[in-house]
Amino acid sequence: MEDYAYILDWLPQGAPGGNFGRREPLIYAVGDEEFKLFELVPKANAQVTIGDRTYIGKDTAEVKRDVVDHVKRRIGFNELTNNAQTELEYAIDSIVIAHQDRFIRFFNEAEAISLRKHMLEELPGLGKKSMTAIIDERRKGPFKDFADLTERTGIKTPEKFISARIVLEISDPERKRYIFVSR
């Protein structure tokens, strides 16, 4: 269940299309727990800023729901605007940094999928040499954060590997394995 989402795009005149009736303003957003994509309806006169984290949970109290009136529907990656697709990577980067402990746990606990493949190899750009360095170092003790992982393994910006995998899982509905995104 998503309680918070990052705003990817805002269409104050609504989605373009053939509907000549009254179009309602729309917000495209990504949830920060399960990475679900949403079409949201903003409150009248709400201050909407792309990149902001906003509450979309069930508690409709004015204090919490200051931007979003209601969740219109869940959407797929291809239903996002081009701007929202571009902003998705930046929002995912923000989520990964904000929830660093959750993702460092993946580096500490990832296991072999089969005799020939390790879960760490599912991260785009992470090769066998880097994977071996991570496994060797975590035997000495768990990683505390991304800085510790970088210092001990020499892998620069490990959070980018996580972000790239999440974007891949969101944008490709035909993935064989989902590690971070809820389906």
Side-chain angles (χ1 to χ4, degrees), residues 1-17 23-110 119-120 122-124 143 145-146 157-183:
M1 182 78 169
E2 301 280 12
D3 283 332
Y4 289 91
Y6 281 78
I7 297 171
L8 302 174
D9 199 5
W10 177 48
L11 305 174
Q13 303 301 316
R23 294 187 297 192
E24 63 186 348
L26 289 176
I27 297 172
Y28 290 107
V30 61
D32 75 348
E33 285 295 319
E34 299 175 353
F35 303 104
K36 293 176 181 172
L37 300 174
F38 296 102
E39 199 171 71
L40 311 170
V41 176
K43 288 188 173 191
N45 302 320
Q47 184 65 35
V48 179
T49 307
I50 293 174
D52 278 359
R53 182 175 184 252
T54 188
Y55 183 77
I56 63 167
K58 294 214 182 273
D59 186 359
T60 57
E62 289 293 319
V63 176
K64 282 198 166 192
R65 278 232 184 145
D66 55 344
V67 174
V68 176
D69 183 55
H70 65 275
V71 175
K72 186 171 182 179
R73 66 186 181 116
R74 277 191 58 194
I75 58 173
F77 178 78
N78 293 331
E79 295 175 90
L80 291 173
T81 61
N82 288 338
N83 190 46
Q85 289 179 2
T86 303
E87 285 295 321
L88 181 64
E89 190 176 326
Y90 300 109
I92 299 299
D93 287 344
S94 297
I95 293 168
V96 170
I97 295 300
H99 300 282
Q100 190 172 171
D101 54 331
R102 171 180 165 197
F103 298 106
I104 204 69
R105 190 175 328 117
F106 171 76
F107 285 106
N108 285 326
E109 298 173 0
M119 197 175 283
L120 288 170
E122 292 285 311
L123 300 177
F143 301 110
D145 53 24
F146 290 134
T157 62
E159 63 275 8
K160 292 290 184 186
F161 295 116
I162 300 283
S163 295
R165 177 61 193 204
I166 293 168
V167 170
L168 191 63
E169 289 180 18
I170 291 172
S171 63
D172 183 8
E174 303 300 318
R175 296 250 26 108
K176 186 176 180 181
R177 269 182 212 89
Y178 291 92
I179 300 171
F180 304 109
V181 176
S182 175
R183 280 288 160 204

Non-hydrogen side-chain atoms of Val68 and Tyr55 separated by less than 4.5 Å: no
side-chain hydrogen bond (donor to acceptor under 3.5 Å, both in side chains) against Arg53, all qualifying residues, sequence neighbours excluded: Asp32
OG on Ser182 to CD on Glu2, rounded to 0.5 Å: 8.0 Å
Residue pairs passing the salt bridge (Lys or Arg N to Asp or Glu O under 4.0 Å) test where at least one lies in residues 162-171, sequence neighbours excluded: Glu122-Arg165, Arg165-Glu169
CG-CG distance between Leu123 and Leu168, expressed to the nearest 0.5 angstrom: 10.5 Å
Close side-chain approach of Asn83 to Ile50, heavy-atom, < 4.5 Å: yes
Check: Thr54 main-chain N/O paired with Arg65 side-chain donor or acceptor under 3.5 Å: no
Other residues, nucleotides, ligands: >12 heavy atoms within 6.0 Å of Glu89 CD: no
Heavy-atom pair of closest approach, residues Pro25 and Pro42: O-CD, 3.3 Å
Closest contact, heavy atoms only, Ala5 versus Ala29: CB-CB, 3.8 Å
Side chains of Ile7 and Thr49 in contact at under 4.5 Å (non-hydrogen atoms): no
Leu88 and Leu37, any side-chain heavy atoms less than 4.5 Å apart: yes
Point-to-point distance, once rounded to the nearest 0.5 Å, from CG of Asn108 to CZ of Phe143: 6.5 Å
Min side-chain heavy-atom separation Phe38-Ile27 under 4.5 Å: no
Distance, nearest 0.5 Å, that separates CD of Glu24 from CG of Leu11: 11.0 Å
Heavy-atom closest contact (Phe180 atom, Phe35 atom, distance): O-CD1, 3.6 Å
Under the side chain to side chain contact (heavy atoms under 4.5 Å, CB included) test, residues paired with Ala110 that sit two or more places apart: Phe106, His118, Met119, Leu120, Arg138
Can you list, pair by pair, the side-chain donor-acceptor contacts under 3.5 Å of residues 74-82, counting residues two or more places apart and other chains?
| residue | atom | partner | partner atom | Å |
| --- | --- | --- | --- | --- |
| Glu79 | OE1 | Arg73 | NH1 | 2.9 |
| Glu79 | OE1 | Arg73 | NH2 | 3.1 |
| Glu79 | OE2 | Gly76 | N | 2.7 |
| Thr81 | OG1 | Asp9 | OD2 | 2.5 |
| Thr81 | OG1 | Ala84 | N | 3.1 |

CD-NE2 distance between Glu39 and His70, expressed to the nearest 0.5 angstrom: 9.5 Å
Counterpart residues, side chain to side chain contact (heavy atoms under 4.5 Å, CB included), relative to Asp172 (two or more places apart): Glu174, Arg175
Report, one line per pair, each donor and acceptor closer than 3.5 Å where one atom sits in a side chain of residues 91-103; sequence neighbours left out.
| residue | atom | partner | partner atom | Å |
| --- | --- | --- | --- | --- |
| Asp93 | OD1 | Ser163 | OG | 2.8 |
| Asp93 | OD2 | Lys160 | NZ | 3.0 |
| Ser94 | OG | Tyr90 | O | 3.2 |
| Gln100 | OE1 | Phe146 | N | 2.7 |
| Arg102 | NH1 | Glu33 | O | 3.1 |
| Arg102 | NH2 | Glu33 | O | 2.8 |

